[in-house]
Structures are given as C-alpha cells and as structure tokens.
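See below for the structure under consideration.
Both counts, for ligands and for their atoms, begin at 1 and track the order of listing. What you are looking at is a predicted structure, and each value in this text was computed from that prediction instead of being measured.
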Amino acid sequence: MKRLFLFVAICLLVVNLFAQDICISTPGTSLVLSAPIGGDLTHVYYGNKLTDAEVRVIAQIEPNNRSAYPVYGLGGFGERALSVKHADGNMTLQMTVTGVKSNKEGNANITIIEMKDKVYPFYVNICYKAYQDVDIIETWTEISHQEKKPVVLEQFASAYLPIRRGDVWLSHLYGSWANEGRLAQEPLAPGMKIIKNKDGVRNSHTAHAEVMFSLDGKPQENTGSVIGAALCYSGNYKLRIDTDDTDYHHFFAGINEDNSSYSLAKGEVFRTPELALTYSKEGLSGGSRNFHKWGRTYKLAHGNTLRKILLNSWEGVYFDINEEGMNQMMNDIASMGGELFVMDDGWFGDKYPRNVDNSSLGDWVVDKRKLPNGVAGLVKDAEKHGIKFGIWIEPEMANTTSELFEKHPEWALKAPQRDHVLGRGGTQVVLDLANPEVQDFIFDIVDNLMTDNPEIDYIKWDANMSITNHGSNYLPKDKQSHLFIEFHRGFEKVCQRIRAKYPDLTIQACASGGGRANYGVLPYFDEFWVSDNTDALQRVYMQWGTSYFFPAIATASHISATPNHQTFRTIPLKYRIDVAMSGRLGMEIQPKNMTEEEIILCKNAIAEYKTIRPVVQLGDIYRLLSPYDKLGVASMMYVSPEKEKAVFYWWKMEHFCDQHLPRVKMAGLSPAKQYIVRELNRIDNSPLKFEGKIFSGEYLMSNGLEIPYTHTVDYHKLNDYSSRVLYLEEVK
Ligand code: DGJ
C-alpha cells in the first residue's frame with residue numbers, strides 16, 4: 001500500500017514537472033516553453049521537430065532563464081517586449097503564469113499562456129497558433145487590466161524570440177518607391193538593428209515587416225537552418241534585433257510604439273498583431289515555401305484560386321480615360337487571350353473631373369464627359385469581348401479640390417491649429433479612418449459600385465499618401481496618440497465589411513506601387529502591385545526579394561512598354577515577357593502601339609502562361625542563382641507539389657563579350673523522375689539542343705542544362721538581353 005502511494009506520488013510529481021513544459025508543434029517544427037504556474041514564462045527551444053522524449057530532455061538541459069516575453073521594470077536592463085505606466089505612476093511589471101489553455105481552431109492548435117502581474121490586476125495572454133499542415137506558428141499577445149484608471153502601454157511587441165548567437169545572418173527587404181523589395185543580407189553584429197516603418201498608411205516601400213535569419217552562416221537558398229518571421233500588420237511596425245553581451249540575439253516584433261503610446265481602459269483587451277514564425281532546414285527557399293503555403297492556404301484572399309491574366313490601363317493611357325479607348329483596350333487584351341481589363345485612375349469626378357492627380361479623390365461618381373454610358377457601359381463592353389471588368393479606386397483619400405472635402409473638411413486628418421500638409425498633386429489628404437462615418441463612406445464606395453455593377457470582378461485599391469498630419473477630429477484629445485493604430489483598425493473594419501458582402505471580388509492592394517505588401521492586409525486582398533516600376537531588369541531584383549515572403553499568385557507582374565516609363569531602359573519584349581511570367585502575369589501597355597510581331601509574341605506568351613499558371617501560382621519556389629550575387633545571371637524555378645511539373649527561369653543580368661556565366665543546377669525535382677524539357681516563348685531560329693529531350697531529376701539537379709548566352713536570331717534582331725523559360729513535365 002505504502003509502495004503504491006509512493007508510486008502515485010512520484011507519478012503526480014513527474015506529471016506536474018512536465019506540465020510546466022509546453023511543446024507547441026507543427027509538422028516539422030517545435031517551440032518549447034517552460035510555464036510553471038506561479039513562475040516565469042521562459043523560452044526553451046525553437047527549431048526542428050522534437051520527439052516527446054527529446055522535449056523532456058531538452059527542457060532539463062537547455063538554459064530556461066530567457067523570458068518568453070520580457071517586461072520592463074524589475075531586474076535586467078535589456079530590451080523589453082512590454083512596458084507600461086500604471087495610473088499610480090508605477091512603471092514596472094512582474095508577470096507570472098496563472099494558467100495554460102489550449103483548443104483547436106480549424107487546422108491549428110491554439111495555446112494560450114495566461115499571466116498576471118504579481119501585484120496589479122494586469123494581465124497578459126501569450127497566444128500561439130500552430131498550424132498542423134504547414135510549419136508556421138503565429139504568436140500574439142492580449143493585454144488587459146482591471147485597474148481603476150487607464151494604464152498607458154509604452155511598448156507592446158507582438159512577440160519576442162531569442163536566437164542563439166553564432167554566425168547568424170539577417171535577410172530583409174528595403175527600398176523606396178519604384179525600387180521596392182530589395183534584398184539586404186548581413187551578419188548580425190553587436191548593437192541594435194532596427195527595421196521600421198512610420199508611413200502611417202502604407203508600410204512596405206522602404207522596409208518590410210518580414211525577415212529571415214540564417215543560423216549557419218552566410219545565407220544559402222537551399223541548405224541550412226533558417227528562422228523566418230512575418231508581422232501580420234498593415235500599419236507602422238518596428239522589428240528590433242538586439243545583440244548584447246549574452247549568447248543570444250534578441251528579436252522583438254510589433255506595432256511601432258513611436259508617437260503611439262496607448263491608453264488602455266479597464267476591461268479593454270489590446271490584441272497585438274500576429275507574428276508568423278517559421279523554421280526550415282532547407283535554407284531560405286525552404287522558409288519561403290512555408291510562408292507561401294501558409295499565405296495561400298490561410299492568409300491570402302482566394303489563395304488557391306488561379307488569377308486572371310489582365311490588362312491595366314495605367315501605363316497605356318494614364319488619365320486619358322474615355323469609352324472608345326477603354327473599349328479598344330478591352331478588345332485588344334481579349335484578342336490576345338487575356339481574361340480581365342482594369343480601368344485605372346481618371347474615370348471619376350463631376351464638379352472636379354480627374355484629369356490629373358490634383359483633384360477629385362472622394363468624388364466617386366463617373367465622369368460622364370469621359371464615359372457617357374457609365375461603368376455599366378464598360379461592363380457591357382467587357383462582356384461583349386468575353387472578358388471581366390475591373391476598376392481603380394483610392395478610397396482612403398481625398399483632394400482638397402473635391403466635393404467631398406467641401407462637404408466634409410473635418411474628415412481629413414489634420415492637426416488642430418495647423419494648416420494641412422498636402423500630398424500628391426499638392427492637394428491630397430488622408431481621411432480619418434478612426435471615424436466610423438468615414439468607415440461607412442469608404443464601405444459605401446465599394447458597395448455602391450458593386451450594387452450598381454455587380455459584374456465588376458476586380459478592384460485595384462490604391463493609397464498614395466502617408467499620414468503627414470497627426471491629428472484626428474474624431475479621436476478625443478487624450479487619445480490622439482492612438483491615431484496610427486485606430487487608422488488601421490478602421491481600415492480593417494472596412495475591409496471586413498467589404499469581404500463579408502463581396503467574398504468573391506478580386507481586390508488588389510496597391511499603394512503607390514508596393515506599399516502594401518504585408519500579411520496584415522492580405523487576408524482581404526488577393527494580390528499586391530509589386531512596384532510602380534515595371535522595368536523588367538529591375539523587376540528581377542524586386543520580385544526576387546518579394547518572393548522571400550509572398551507567393552507568385554499574389555505578385556502582380558506586368559509586361560509594359562519600351563523604353564520603360566520609369567527607367568527609360570529599352571528591353572526586348574521577350575525578356576519583359578519572361579520576367580512578367582514569373583509572377584501573376586498581366587499587361588500594363590497600350591496594345592494599339594504594339595507591332596503585329598509583338599502582339600503575336602504576347603498572344604503566344606499568354607497561351608503558354610495558361611499552361612504553366614498552376615505551377616507558377618500554386619507551386620513551390622526554389623531560388624537558384626541570386627541577381628544580388630552579381631554572377632551575370634539570375635535563375636529560379638517553381639515545382640508542382642507532386643513534382644511532376646516545373647517551370648525554370650533564366651535571366652541574363654548583364655552582357656559582356658567573353659563572359660563566363662555559371663551553369664545553373666536545378667532544385668526541387670524528384671531525382672528519380674524523368675522530365676521532358678520544352679522552351680516557352682521561343683524566339684530563336686532553331687530550337688535549343690535539349691528541346692524535347694528527357695532528363696532525370698537527378699541529372700538536372702546535379703548538372704543543370706547548358707543555357708546559351710545569346711539568342712540565335714537574325715542579325716538585325718540581336719541585342720544584349722537574353723532569357724529563357726523552360727517547362728519540365730514528367731514522362732512516365
Ligand atoms: C499609383 C499606382 O501605383 C499606379 O499603378 C496607378 O494606379 C496610379 N497610382 C494612379 O494614380
């Protein structure tokens with residue numbers, strides 16, 4: 001009896017000890033935390049999937065003194081995830097675990113670790129959502145209190161992750177308007193690396209809220225351990241990587257608290273945006289594949305539905321919109337095999353017609369002088385041509401020269417006692433999305449368009465101004481610091497209403513080009529416009545960077561005119577097509593200015609793209625040779641999940657005589673499968689030597705194919721560009 005009692009007691013003790021250790025798992029990864037009731041929540045491990053036995057051992061041997069969510073005030077002086085000011089002036093927190101809850105949500109397991117301050121009725125829930133079909137764990141926090149007066153949140157990161165020092169390299173994206181998504185890779189060094197945005201409206205022009213850490217030295221695309229992180233937020237963010245005197249890099253990610261301290265009322269729950277974490281043993285491309293799969297399956301509107309091939313009117317006609325011109329463009333794209341036409345800026349405004357960019361935003365009525373039969377007339381024309389119709393709007397904005405501004409000047413953001421700081425066209429202002437009336441107005445823009453013209457298939461939603469006036473007429477005086485946060489809450493509310501009523505609509509997130517490539521908006525948007533720069537050569541760099549986090553299905557990539565309107569570079573059509581075909585293919589050109597030969601080339605490319613579209617848009621990415629490595633060529637490929645089809649891209653990046661370009665080895669194929677190789681968009685007089693030949697995946701991945709440096713075309717057609725798209729199909 002005594003023995004039995006002892007045995008039960010030991011068992012209970014063991015269960016209790018293990019109950020402290022929480023293992024959050026996805027198919028290939030584990031995150032281990034120590035969460036003793038009444039004790040501190042600490043981070044133990046994040047990496048490759050562990051067995052139960054390993055979790056038990058690791059929990060005992062790994063140092064577990066690193067807080068999983070460091071708070072400010074007591075002990076230590078390092079960077080913190082959360083810092084607050086209680087109403088009594090106390091600036092400290094001391095959080096201990098009070099409970100752990102778990103449940104299932106669809107295909108994911110949710111774990112919530114509840115914590116309470118030792119003294120104050122102040123609560124933090126650390127939440128994890130572990131997907132069971134993709135290696136992504138989302139984490140966020142819910143902060144609340146029952147103190148008598150508001151508590152001011154000074155810093156409120158979504159998450160913290162310690163990363164073991166060694167030879168850790170950071171990959172992140174930077175850039176500017178017309179040069180978005182540039183890849184930067186650097187070893188983490190002592191000191192603080194900050195990646196941030198303060199635009200207020202758009203957040204991915206100058207930096208991105210997504211990063212990858214290569215843990216085994218210089219980043220490799222298809223080998224090595226990688227941790228990836230993507231903050232799912234559409235507003236200002238701050239990512240901090242602090243390398244101090246410890247063994248760890250300290251990674252924090254969340255809303256940018258600058259000018260945004262938040263007064264949290266009793267009972268209110270402040271939910272931070274999710275930080276999506278991934279871990280891969282297959283290098284940076286492995287990390288990308290995880291983000292892409294998760295993005296398509298869970299984050300992107302219609303992430304698994306193939307996108308239509310479209311013509312957008314912007315670079316073709318700019319503001320010169322008229323019925324005849326639109327009809328001609330619709331006819332042209334339809335005859336090339338396209339499936340959708342999008343009328344861009346310039347179609348609206350009654351009292352103030354939108355002829356240039358200095359008026360009319362806010363007046364979302366058709367300019368009957370340009371379009372006597374309204375949008376309905378265009379929709380009919382589209383139907384006649386057998387294609388769908390889409391339309392451009394910029395709903396969050398107004399111009400001071402607009403009927404809207406005359407009626408509702410108080411809806412524009414502006415600091416009291418100050419004049420407006422004006423944006424695009426010298427007259428643009430940002431509307432106050434914190435204001436529910438403004439939210440209704442914006443919802444109605446879409447609702448009215450769709451009610452009048454239910455056939456509208458696609459909306460290009462633009463946003464061309466930052467918040468340059470800190471002031472909301474709607475928010476009370478003591479909540480002006482909530483402006484940036486409330487703007488994005490308002491934006492999200494509008495998006496939710498639109499999606500609830502119009503679930504099937506395709507919506508593009510455009511924001512002066514690539515200003516809204518983030519996983520905060522993508523649940524409501526199908527895709528984003530990568531950049532206003534459509535120059536194919538520069539696009540290779542931008543789309544390469546963007547592909548780190550976002551799948552091709554979301555990456556709008558258009559064939560445009562030459563010389564290019566942004567860089568004035570002259571690039572042959574073949575190369576422009578071959579670059580555009582690596583993303584969501586579209587056209588941004590005036591077809592009536594194209595030669596017959598060019599039309600035929602595009603028609604053929606559109607037909608070829610339809611064949612490869614499922615592989616490009618739903619396949620797995622393998623980046624092979626980076627344009628950033630400056631080896632004269634860039635190359636990547638998509639492979640279908642079953643590995644029976646693949647598309648290989650090869651773009652020459654520079655041109656010199658006696659140049660020696662590397663031979664590119666393929667990746668991601670099945671070594672044992674046999675593939676027949678066919679070149680797409682061929683312009684050469686004779687086929688490539690390997691055209692129609694069959695190779696094993698093993699051969700293609702060990703040796704690659706010898707790609708000729710130039711095209712064999714007639715002398716007068718020779719130029720300095722060269723590119724190839726190869727389609728591989730399994731032969732059984
Ligand atoms: C900025 C966008 O990025 C462009 O594609 C175009 O839609 C213009 N705005 C229209 O004003």
Exercise. How far is atom 5 (O) of ligand 1 from its nearest protein heavy atom, and which residue and atom name does that atom have?
Worked result: K460 NZ, 2.7 Å
Seminar exercise, completed: The residue among R202, E180, R424 that forms side-chain hydrogen bond (donor to acceptor under 3.5 Å, both in side chains) with S512 is R202
Problem set entry | Distance-only donor-acceptor check, side chains E394 and W461, under 3.5 Å | no
Problem set entry | Heteroatom proximity flag, W392 to ligand 1, N/O under 3.5 Å | yes
Exercise. Looking only at heavy atoms, is any part of S512 under 4.0 Å from ligand 1, and if so is it the side chain, the backbone, or both, or is it neither?
Worked result: backbone
Exercise. Which protein non-hydrogen atom lies closest to atom 11 (O) of ligand 1, naming both residue and atom, and how far is it?
Worked result: D345 OD2, 2.6 Å
For this session: Output yes when the distance from some N or O of ligand 1 to some N or O of G513 is under 3.5 Å, and no in every other case.
Result: yes
For this session: Please work out whether the ring planes of H558 and W529 are parallel, tilted or perpendicular, with thresholds of 30° and 60°.
Result: tilted
Problem set entry | Identity and distance of the protein heavy atom lying nearest atom 4 (C) of ligand 1 | D532 OD1, 3.4 Å
Problem set entry | Check: R354 N/O within less than 3.5 Å of ligand 1 N/O | no
Exercise. Atoms of ligand 1 less than 4.0 Å from C510 heavy atoms?
Worked result: 2 (C), 3 (O)
Exercise. Going by distance alone, is a donor N or O of one side chain under 3.5 Å from an acceptor N or O of the other, for N533 and Q538?
Worked result: yes
Problem set entry | For ligand 1, the portion of N464 having any non-hydrogen atom under 4.0 Å away | side chain
Problem set entry | Between N464 and Q428: side-chain donor-acceptor atoms closer than 3.5 Å | no
For this session: State whether Y524 and R499 meet the cation-pi test: NZ (Lys) or CZ (Arg) under 6.0 Å from the six-membered ring centroid, and within 45° of the perpendicular axis.
Result: no
Exercise. Who's the nearest protein heavy-atom neighbour of atom 1 (C) of ligand 1, and how far?
Worked result: D462 OD2, 3.1 Å
Problem set entry | E588, any N or O under 3.5 Å of ligand 1 N or O | no
Problem set entry | Given R613, R584, K388, the one that forms salt bridge (Lys or Arg N to Asp or Glu O under 4.0 Å) with E339 | R613
Exercise. Does R516 make a cation-pi contact with Y233, if we ask for NZ or CZ under 6.0 Å from the ring centre and within 45° of the axis?
Worked result: no
Exercise. Just by modelled atom types, is the E598 backbone N or O under 3.5 Å from a matching donor or acceptor in the T595 side chain?
Worked result: yes
Problem set entry | Non-hydrogen atom of E315 closer than 4.0 Å to ligand 1 | no
For this session: Give the residue, atom name and distance (to 0.1 Å) of the protein heavy atom nearest atom 6 (C) of ligand 1.
Result: D344 OD1, 3.4 Å
